Amino acid sequence: MMFQYEFMRYAFLASTFIAITCGVVGVYVVARNYAFLAHTLSEIGFAGAAFAVFIGIAPLWGMLLFTLLGSIGVGELSIHSDQKESSISAISALFIGLGVLFLAISGSNSRYATNILFGSIIGVDKQGVIQLTILSVIVLLMILLVQRSLNFDSFDHIGAVAHGIHTGFVGIVFLISMAMSVAIGAQIVGSLLVFILLTLPSSTARYIGKTIPAMIGWSVGFALFGVWAGLYLGFITNWPVTFFIATIEVVIYLVAYTVHVIKHR
């Protein structure tokens, strides 16, 4: 039984909070068409984690710093720039390069790069669980604080503006929430694939849920199933947990998409 091992209990607890957070935030990421932005933030997070290794602190804190700073700048750029895809791609390339540089000059071995890129949830200790849980709760509270306005702005932006909602403030709060979600979600699947947890469960949920609460419920459910099943399969096979999570979420999405296409033919 995998729960007889302390590291698996820690991994299960941390991944549960992270999956709930990414499942909730992901609904708004998809609704606001921020999938590309989430992917860019994951690459900025890679640079932040590599910088943390360079200066000798935990990768999580470097990732948090870089994604928080990057979310505001890149978020504003994505809104106001006429060449937003090209501009964000340039920033993404810059931060990938910085990440490689920080790892090189820090003298770290390939294990650090692998953990940053693909996650290391099995290595989470008690302190890590506490940190990730606290950060997840903070993100969920931020979303809850602005949820009514966020719902309006994400699914009917023109109507939100017409009703006098402070969409700028709501947007900033959400960008910060998304940045934090990227940083904590990367602890499971790594910076390279964190956008999977932020986009696929919520994209699948849009085919099933007819209301916002229903979409959030389905999104969280799919995220939880993916990480729980991934941890279990990783435990019994000794294969990478990230592989199983990614595969499970992709399969669920493809099944939901196929059923949706068949029903609407």
Side-chain angles (χ1 to χ4, degrees), residues 1-26 42 45-46 48-49 52-53 57-64 67 109 111-144 177 179-198 200-202 204-205 216-252:
M1 182 65 179
M2 69 178 185
F3 291 120
Q4 69 183 349
Y5 298 100
E6 187 176 64
F7 72 92
M8 286 304 299
R9 294 197 297 269
Y10 288 153
F12 188 86
L13 183 59
S15 64
T16 295
F17 277 94
I18 293 170
I20 292 171
T21 304
C22 289
V24 172
V25 173
S42 70
F46 164 66
V53 171
I57 64 174
L60 172 63
W61 303 117
M63 192 172 286
L64 265 176
T67 54
N109 58 33
R111 172 178 164 272
Y112 281 95
T114 301
N115 286 346
I116 292 170
L117 287 170
F118 302 109
S120 57
I121 188 62
I122 301 301
V124 174
D125 57 13
K126 183 176 181 180
Q127 182 181 1
V129 171
I130 294 172
Q131 291 172 347
L132 291 170
T133 301
I134 291 173
L135 290 170
S136 296
V137 171
I138 290 173
V139 172
L140 293 173
L141 288 175
M142 290 174 64
I143 294 294
L144 184 62
S177 301
M180 295 178 67
S181 299
V182 167
I184 62 179
Q187 307 310 304
I188 292 185
V189 293
S191 63
L192 189 64
L193 296 175
V194 66
F195 68 93
I196 287 176
L197 283 180
L198 281 168
L200 281 184
S202 52
T204 306
I216 291 175
W218 280 106
S219 179
V220 170
F222 290 137
L224 285 172
F225 178 77
V227 298
W228 288 346
L231 281 171
Y232 175 72
L233 292 172
F235 175 77
I236 63 175
T237 63
N238 204 30
W239 289 9
V241 173
T242 300
F243 161 73
F244 288 113
I245 294 175
T247 302
I248 289 167
E249 298 297 354
V250 169
V251 169
I252 293 173

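Side-chain atoms are counted along with the backbone in the values below, which use heavy atoms only and exclude waters and symmetry mates. Keep in mind that this is a model prediction, so the values were computed, not measured.
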[atom2] on [Y] to [atom1] on [X], rounded to 0.5 Å:
| X | Y | atom1 | atom2 | value |
| --- | --- | --- | --- | --- |
| Ile18 | Leu13 | CD1 | CG | 9.5 Å |
| Trp61 | Ile57 | CH2 | CD1 | 9.5 Å |
| Lys126 | Gln131 | NZ | CD | 13.0 Å |
| Ser181 | Ile20 | OG | CD1 | 12.5 Å |
| Ile143 | Ile138 | CD1 | CD1 | 13.0 Å |

Measure across [X] and [Y] and return the closest heavy-atom pair with its distance rounded to 0.1 Å.
| X | Y | answer |
| --- | --- | --- |
| Leu231 | Ala11 | CD1-O, 3.8 Å |
| Met63 | Phe46 | CE-N, 4.5 Å |
| Ala186 | Ser191 | CB-N, 3.8 Å |
| Ala58 | Ala52 | O-CB, 3.4 Å |
| Ile248 | Gly230 | CD1-N, 3.9 Å |
| Thr67 | Ala183 | OG1-CB, 4.0 Å |

*asked:* Is the distance between the ring centroids of Phe222 and Trp218 under 6.0 Å?
replied: yes
*Decide yes or no on side chain to side chain contact (heavy atoms under 4.5 Å, CB included) for Val24 and Ser219, but give the supporting numbers first.*
CA-CA 7 Å; Val24 172; Ser219 179; over 6 Å; no
Does any non-hydrogen side-chain atom of [Y] lie less than 4.5 Å from one of [X]?
| X | Y | result |
| --- | --- | --- |
| Leu233 | Phe243 | no |
| Thr16 | Val227 | no |
| Leu144 | Leu140 | no |
| Leu197 | Ile245 | yes |

*In this structure, which one of Ile196, Thr204, Val189 forms a side-chain contact (heavy atoms from CB on, under 4.5 Å) with Glu249?*
Ile196
*Before giving the answer on side chain to side chain contact (heavy atoms under 4.5 Å, CB included), spell out for Ser136 and Ile184 the whole-Å C-alpha distance, their side-chain angles and the decisive distance to 0.1 Å.*
CA-CA 8 Å; Ser136 296; Ile184 62 179; 3.4 Å; yes
*asked:* Applying side chain to side chain contact (heavy atoms under 4.5 Å, CB included) to Leu135 and Leu64, what does each step give before you reach the verdict?
replied: CA-CA 10 Å; Leu135 290 170; Leu64 265 176; 3.7 Å; yes
*Can Phe17 and Leu132 be said to form a side chain to side chain contact (heavy atoms under 4.5 Å, CB included), step by step?*
CA-CA 8 Å; Phe17 277 94; Leu132 291 170; over 6 Å; no
*Check the angle between the aromatic planes of Phe235 and Tyr5 and answer parallel, tilted or perpendicular using the 30° and 60° thresholds.*
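Aromatic pair Phe235/Tyr5 classed tilted.
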*Do any N or O atoms from the side chain of Thr247 and from the backbone of Phe244 form a donor-acceptor pair under 3.5 angstrom?*
no
